[in-house]
Number of protein chains: 2
Amino acid sequence: MAPVTADQTTVRDANLGVVLRHVRDGGAISRARIAAETGLNKSTVSSLVGELIELEVLTDTGLDERPGSVGRPAATVALSGRHAAVGIEINVDYITVAVEDLAGETVSERQIWRDLRGAPPGPVLDELAVIVGGELAGACASGRLPYGLGIALPGLVDTASGVLLRAPNLRWDGAAIGRELASRLEPLRAIRVENESNLAALAELWHGEQPRPRNFILVFGEIGVGGGVVIDGSLFRGAHGFAGEFGHVTVAPHGDRCGCGANGCLETLAGLEVIARRAGLALSVGERNPSLSAELRTRAAAGEARTIDSLDVAGVAIGMALGTASNLLDLDAVVLGGAFAELAPWLVGPIERELRTRFMAARWSPFRVVASSITDGPVRGAAAIVLRDIFDNPRVALDSVGSAR
Amino acid sequence: MAPVTADQTTVRDANLGVVLRHVRDGGAISRARIAAETGLNKSTVSSLVGELIELEVLTDTGLDERPGSVGRPAATVALSGRHAAVGIEINVDYITVAVEDLAGETVSERQIWRDLRGAPPGPVLDELAVIVGGELAGACASGRLPYGLGIALPGLVDTASGVLLRAPNLRWDGAAIGRELASRLEPLRAIRVENESNLAALAELWHGEQPRPRNFILVFGEIGVGGGVVIDGSLFRGAHGFAGEFGHVTVAPHGDRCGCGANGCLETLAGLEVIARRAGLALSVGERNPSLSAELRTRAAAGEARTIDSLDVAGVAIGMALGTASNLLDLDAVVLGGAFAELAPWLVGPIERELRTRFMAARWSPFRVVASSITDGPVRGAAAIVLRDIFDNPRVALDSVGSAR
DNA sequence: ATCATTTGTCTAACAGGCATACTAATGTCC
DNA sequence: GGACATTAGTATGCCTGTTAGACAAATGAT
């Protein structure tokens with residue numbers, strides 16, 4: 001409850017972050033240029049860079065060898081990639097584990113396809129912990145310092161406690177994923193649990209194709225439909241981190257019953273299996289998702305009418321929901337992620353049509369609808385949200401860990 | 001584009017704000033208690049309070065005369081009320097002007113009922129400027145320093161330029177209200193233009209009844225329906241300040257055409273005149289709004305079935321839209337404002353019913369639906385949003401104005 | 001070889017918060 | 001009534017951190 005007061009260390013922390021993020025965004029750069037571009041004093045920058053090198057988040061990258069430059073050559077610094085985080089995505093029918101370092105490089109990634117609907121969480125987490133342990137060991141072996149662990153889940157997550165409160169598709173309601181997984185692993189500095197679509201949105205913000213919008217909703221379509229909202233370059237989480245439940249926007253007030261208990265949620269019209277069923281595909285139990293979205297794509301590309309119609313119905317519903325979402329959230333863009341990215345060619349048309357009439361500010365807002373080129377958004381976002389601690393406040397995040405050996 | 005770096009003045013500015021807001025929220029208080037409650041050092045607080053008194057935002061309020069206390073009696077300080085701002089609400093059928101001081105006191109308030117639909121803005125602003133000039137003169141006469149002017153408008157506002165982009169009900173599209181009004185008045189430190197519902201939400205946050213939610217949507221129902229979203233105690237504005245257009249959430253995809261061009265917006269089912277018409281009231285042209293909502297209230301209270309049914313239809317639609325809004329925004333509460341506050345007894349029931357089934361996180365979110373007790377939200381919010389500058393950063397906002405005489 | 005130019009570090013000055021010591025004003029207890 | 005405890009507010013010296021400017025280092029141009 002005590003208000004947040006400031007003192008000199010607040011200033012230092014803020015400026016360490018400014019320099020670090022500037023290097024992240026601009027790549028290898030000299031101290032002099034950092035000073036010129038941030039407005040900080042040369043000597044301040046020297047001191048800040050020195051501390052960041054000590055924390056092992058920056059590293060010297062030799063002299064800037066650009067020809068034609070007069071004067072003493074600049075010694076550049078860049079992100080070190082020494083610190084790394086593990087990202088995990090547990091979805092309805094697959095699990096992905098990836099290790100990403102501070103420089104944004106994906107160190108390793110593994111994916112396992114398995115239908116987890118109704119499976120008890122315990123054994124899954126046991127197995128997962130073994131995999132993660134292996135990845136952590138691998139990261140250490142390659143000289144990296146594991147900073148933390150991020151977990152992407154397809155449902156309502158209480159981020160404070162790390163509990164998956166409600167996952168209508170997975171049916172792991174009330175599972176304390178964060179705590180359970182932590183207890184199976186060596187201690188880490190940070191363990192964070194978040195909704196998968198929120199993390200996919202973060203991945204888009206961090207790693208998406210240029211030009212990256214700063215106000216957008218990432219619509220993540222798999223068996224369920226989720227949304228992650230980014231406003232002014234930061235994740236919008238709402239009161240408890242439940243924001244962006246885009247799949248449960250009402251699009252047909254008296255429509256089909258949804259897993260969440262309401263009627264006519266977007267998910268009941270635009271979920272991947274719903275699209276497939278409406279397109280006439282027979283779903284075998286345990287059907288593997290990758291073949292599912294690929295199958296739809298193939299049929300649509302071949303001009304199969306029922307599939308195209310089904311995608312059109314989904315597109316209209318998505319567009320309608322997006323109109324409402326845009327009116328409430330004031331967005332600049334929609335990014336289609338997950339299976340929706342693959343199916344984008346057939347979705348973008350109806351989405352744009354609906355948006356044009358339903359989004360009030362359309363005329364003043366340069367709206368874009370694009371497909372994400374990131375296929376592993378949630379895992380990368382999961383790693384990223386953990387590493388973001390370091391970019392936000394390197395000294396607090398790393399404290400004395402830099403000296404850990 | 002240059003990143004925001006910090007130095008010692010940043011610290012000072014932040015702490016000045018912390019102390020000022022602490023005094024605002026806690027009322028008359030001693031320097032010692034400020035220190036204890038904020039965690040700042042006693043001497044720092046002394047110095048900060050000294051500067052705030054010099055800026056005339058705080059004032060000495062004598063000794064704390066509570067009996068039974070041992071030790072030297074405390075000298076308390078409180079908000080001075082020396083600085084004041086004018087709030088203006090231009091709505092479809094009325095204009096309100098109010099002066100509010102830094103202590104939150106409404107110094108004066110005037111309201112004019114007139115149907116402005118289609119009226120040219122110029123003459124209205126001429127007349128308005130005269131009224132505002134009079135209010136400013138009055139404020140000066142009572143020893144107050146006019147700080148700024150806030151304007152609440154029923155439509156899409158470009159807050160950067162102060163232009164009313166689109167007001168479907170008022171039809172003043174593209175009017176540069178901020179600039180036009182500024183040119184008719186003595187110069188002021190700040191002129192801000194905002195959507196009326198956003199400002200009503202701010203008023204609720206600042207002046208509403210306890211306990212005040214910190215994550216809510218204020219649904220402002222008059223002839224149009226608007227929404228103002230507050231997340232974690234601050235106004236959610238979205239990418240361009242267009243957020244919270246709650247009246248244009250789609251609730252009936254193939255419903256009636258709305259003034260905004262879309263079909264089945266909430267406004268087409270729950271706007272005040274729509275409710276009245278559906279209840280069988282004959283609307284004379286230029287009918288005055290206060291009699292309209294009062295008439296509905298009277299009939300409903302008398303148990304008139306058509307009126308109650310009409311309100312129920314509106315309530316269901318509002319509840320449906322709120323389910324969607326809550327799923328996207330993750331809210332803790334709904335506050336009904338404007339005419340909806342008066343009609344709340346007949347709206348709350350259906351709203352809560354719909355919300356319970358449609359809001360996914362309902363079980364983990366202690367949701368409340370309440371009626372606002374503030375009848376002049378937009379004007380008060382308009383004044384408040386201007387005064388907020390001072391609370392955010394007193395030194396920057398007031399600079400050398402404290403010495404103006 | 002000398003000079004201009006640019007980089008990076010060093011030093012002194014300044015801003016601001018903090019701990020501590022001190023003075024001031026009150027109530028309590030004998 | 002006076003000594004003492006208690007609390008409020010101020011003054012002093014120190015620490016952290018940024019800044020401006022001086023300076024040394026490293027290079028290309030003349």
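Here is how names work: the chains are called A, B, and so on, in the same order as the sequence lines, proteins then strands, and each is numbered from 1.
A straight line from CD1 of A:I34 to P of C:dG8 spans 9 Å, rounded to a whole angstrom. Atom CD in A:E37 sits roughly 11 Å away from atom P in C:dT7 (whole-Å rounding). For the pair A:L58 CG and C:dG8 P, the computed distance is 13 Å after rounding to whole Å. Residue A:L63 contributes atom CG, which lies 17 Å from atom P of C:dT6 at whole-angstrom precision.
The minimum heavy-atom distance linking B:A383 with B:A85 is given by the pair O-CB, 3.8 Å.
Annotation: of the two residues near DNA chain D, A:L48 and A:P73, the 5′-most nearest-nucleotide partner is A:L48. Mapping B:G71 and A:A6 onto DNA chain C by nearest heavy atom places A:A6 at the nucleotide closer to the 5' end.
Distance from the side chain of B:K42 is smallest to D:dA8 among C:dT26, D:dA8, C:dT9. Nearest to the side chain of A:N41, among D:dG17, C:dG8, D:dA20, sits D:dA20.
No side-chain N or O of B:H240 forms a donor-acceptor pair with one of A:N215 less than 3.5 Å apart. A donor-acceptor pair shorter than 3.5 Å cannot be found between the side chains of A:E56 and A:H83. Judged purely by distance below 3.5 Å, without hydrogens or angles, the side chains of A:D158 and A:S161 pair a donor atom with an acceptor atom. Side chain to side chain, B:R237 and B:T159 meet the donor-acceptor criterion of an N or O pair below 3.5 Å. Using a 3.5 Å distance cut-off with no hydrogens or angles, the side chains of B:T61 and B:T76 do pair a donor with an acceptor.
On a pure distance criterion of 3.5 Å, no polar donor-acceptor pair joins the side chain of B:S43 and the base of C:dC18. On a pure distance criterion of 3.5 Å, a polar donor-acceptor pair joins the side chain of B:R72 and the base of D:dA8.
Taking 4.0 angstrom as the limit, A:R395 places a side-chain polar atom (N or O) nearer than this to OP1 or OP2 of D:dG17.
Among B:L52, B:V57, B:D101, B:L20, the single residue meeting the side chain to side chain contact (heavy atoms under 4.5 Å, CB included) criterion with B:L79 is B:L20.
Residue contacts shown for A:S30 are limited to sugar-phosphate atoms, with no base heavy atom under 4.0 Å away.
Scanning residues 7-28 of chain A for heavy-atom distances under 4.0 Å to DNA chain C yields A:D7, A:Q8.
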